[in-house]
Amino acid sequence: MEAMSPRTEPRCRTLSIHVVTWNVASAAPPPDLSDLLQLNNLDLDLDIYVIGLQELNCGIMSLLSDTAFEDPWSSYFMDVLSPLSFVKVSSVRMQGLLLLIFAKYQHLPFIQVLSTKSTPTGLFGYWGNKGGVNIFLKLYGYYVSIINCHLPPHMANNDQRLEHFDRILEMQNFEAQDTPNILDHDLILWFGDMNFRIEDFGLHFVRESIKNQRYSDLWEKDQLSIAKRHDPLLREFQEGSLLFPPTYKFDKNSNNYDTSEKKRKPAWTDRILWRLKRQSQTDFQTPELSAPFALFLRSYVSHMVYTISDHKPVTCTFDLELKPLVSAPLITLLPKGPCTMENDLLISYCLAADFLSSPWDWIGLYKVYIDISDIPETEDQFLLFYYSNNLHSVVGISKPFKIQPFSFLEEDPLDEAQPQI
């Protein structure tokens, strides 16, 4: 072990982030989520998936099963994303609320999960059927908070929705003394079933506006848009233009708006917001604090193809441009010598000078998922991961390398190379 060499000046980089929010109404995952995850979009090279679900099945038997095993939605996303080199970074669940973060494995040494938190707001703050779940992390040295929420329903409960929004925000306090307040985090991603409705306009006018794709006629009476005009803090949260049909309420297994006796008025209940920290004038004058950090919206859409729920899922794709504050991993790993199945694997690793190791740190060997239809099975590749117990994160990853199934050559007494079987 030795101190690493001085680090070079980091270059700006762009991370592509795909955010999903969906109230799944207790349904199981459908057979194909390619459209939701944009798997067939050749113009996208995604780095991070942020997935927030509401109203997962939280019956007693389901919760007991999910405690012992991975819930069906998490398992589904892992099965789909793992072959694409994504690793589940963190997850948090509170009854029907689930928040998942996946990232390409090469980003793991630069993602440190600092905490996860659940904030129940149902039944006077004691029941988790409503509320928010949060994952707080450092991404290339920047503070990022991600919140998935489910706010109170019904047209008349708008004040209660705004009160719960404020309560969730106020409860995001963190135990570490050097952790800034959430409003001082570099980026907040906040999404979920916010349940905001369209005021004043009648059912017929709303449906005709949707039918003729005159969505802008409805914006002025959207409760969230109205609240942002009057609340300075809420106004700091940005949102893309609502250029897609309202995502609630549909008859299940169809694209028809509610045909029940209640005939609920369509609304944009499912939203994705973001907030960037505002830099002061002194920040721009200090080189260490003036590193570029900007978020650009590429798309904000709903996905009408899915009919398992009375909500349609909504996704956002962002480009996050940043100048890394952390540009080199805390640990570098390298396998030494030829790697074969029958021999012990010798590993060389180097620690950064400021890294505090622990006797409970460990190094794991993982297989890289590949499409064996394109690459022969004997070409399997592996990675070494260094996990820090103090930081509760992966802090080093090796480059992919191969492990041969057996030694191909063995010298005989006459020093002639012979194949070993």
Side-chain angles (χ1 to χ4, degrees), residues 1-8 10-11 13 15 45-49 70 74 77-91 100-114 135 137-141 324-372 374-409:
M1 297 186 296
E2 59 186 26
M4 293 176 61
S5 58
R7 301 173 186 178
T8 58
R11 296 180 179 179
R13 67 180 306 155
L15 300 178
D45 184 15
L46 294 170
D47 297 282
I48 297 173
Y49 279 97
E70 200 84 55
S74 296
F77 288 123
M78 290 182 70
D79 290 344
V80 170
L81 296 176
S82 291
L84 304 177
S85 300
F86 284 91
V87 176
K88 187 174 78 169
V89 174
S90 185
S91 67
L100 300 162
I101 300 177
F102 292 86
K104 287 277 183 70
Y105 70 80
Q106 57 264 36
H107 298 300
L108 292 187
F110 307 102
I111 301 175
Q112 181 186 349
V113 177
L114 300 177
I135 295 176
L137 52 82
K138 289 183 81 172
L139 177 64
Y140 284 91
L325 301 178
V326 178
S327 57
L330 293 171
I331 300 287
T332 55
L333 292 154
L334 183 69
K336 301 200 65 153
C339 302
T340 61
M341 290 289 191
E342 68 270 20
N343 295 325
D344 289 339
L345 180 62
L346 183 63
I347 300 168
S348 167
Y349 64 96
C350 303
L351 286 70
D354 55 350
F355 175 70
L356 181 63
S357 62
S358 162
W360 296 101
D361 292 353
W362 51 268
I363 296 173
L365 177 68
Y366 293 88
K367 182 177 177 180
V368 179
Y369 284 92
I370 56 175
D371 184 351
I372 61 174
D374 297 329
I375 306 175
E377 192 171 357
T378 55
E379 294 294 313
D380 285 349
Q381 292 188 317
F382 294 82
L383 294 167
L384 294 167
F385 282 53
Y386 188 108
Y387 181 84
S388 166
N389 185 67
N390 291 329
L391 299 178
H392 307 290
S393 300
V394 172
V395 294
I397 299 177
S398 70
K399 293 182 178 179
F401 62 94
K402 298 175 184 177
I403 296 181
Q404 303 294 348
F406 52 82
S407 297
F408 286 102
L409 294 176

Exercise for the section: Answer whether the closest heavy-atom distance between the side chains of Ile397 and Gln106 falls below 4.5 Å. Expected result: no
Exercise for the section: Please examine the side chains of Asp45 and Lys104, heavy atoms only from C-beta on, and report whether any two atoms are closer than 4.5 Å. Expected result: yes
Handout entry: Heavy-atom side-chain contact between Val89 and Ile135 under 4.5 Å
Key = no
Exercise for the section: Count the heavy atoms belonging to other residues, nucleotides or ligands that lie under 6.0 Å from CG of Asp79, then report whether that count exceeds 12. Expected result: yes
Exercise for the section: Starting from the C-alpha separation in whole Å, work towards a yes-or-no answer on side chain to side chain contact (heavy atoms under 4.5 Å, CB included) for Phe401 and Leu345. Expected result: CA-CA 12 Å; Phe401 62 94; Leu345 180 62; 4.3 Å; yes
Exercise for the section: Examine distances only and state if a side-chain atom of Asn389 and a backbone atom of Asp361 form a donor-acceptor pair shorter than 3.5 Å. Expected result: no
Handout entry: Closest approach of Ser357 to Asn390 (non-hydrogen atoms, all atoms of both residues)
Key = O-ND2, 3.8 Å
Problem - Ile347 side chain near Leu334 side chain, heavy-atom distance below 4.5 Å - result: no
Exercise for the section: Of all the heavy-atom pairs spanning His392 and Tyr387, show the shortest one and how long it is. Expected result: CA-OH, 3.1 Å
Handout entry: Aromatic plane relationship, Phe355 with Tyr386 - under 30° parallel, 30 to 60° tilted, over 60° perpendicular
Key = perpendicular
Problem - Ser398 side chain vs Leu384 backbone, donor-acceptor pair below 3.5 Å - result: yes
Handout entry: Any side-chain heavy-atom pair of Val87 and Val394 under 4.5 Å
Key = no
Practice task
Please report the closest heavy-atom contact between Arg11 and Pro324, naming both atoms and the distance.
Solution key: O-CD, 3.0 Å
Problem - Close side-chain approach of Leu84 to Tyr49, heavy-atom, < 4.5 Å - result: no
Exercise for the section: With the side chain counted from C-beta on, respond yes when Ile363 and Ile331 share a heavy-atom pair under 4.5 Å apart, and no when they do not. Expected result: no
Exercise for the section: Determine, stepwise, if the pair Ile101 / Val113 fulfils side chain to side chain contact (heavy atoms under 4.5 Å, CB included). Expected result: CA-CA 10 Å; Ile101 300 177; Val113 177; over 6 Å; no
Exercise for the section: Measure the shortest side-chain to side-chain distance between Leu383 and Leu333 over non-hydrogen atoms and say whether it is less than 4.5 angstrom. Expected result: no
Completion exercise
Distance col, row Phe86:CZ vs Asp47:CG, nearest 0.5 angstrom, shows 7.0 Å
Practice task
Give the minimum heavy-atom separation between Ser388 and Val395, together with the two atoms involved.
Solution key: CB-CG1, 3.8 Å
Exercise for the section: Work out which heavy atom in Tyr105 is nearest to a heavy atom in Pro400; give both atom names and the distance. Expected result: OH-CG, 3.5 Å
Exercise for the section: Taking all heavy atoms of Ala103 and all of Ile111, pick out the closest pair and write down the distance. Expected result: CB-CD1, 3.7 Å
Exercise for the section: Evaluate the ring planes of Tyr140 and His107, with Trp represented by its six-membered ring, and classify them as parallel (under 30°), tilted (30 to 60°) or perpendicular (over 60°). Expected result: perpendicular
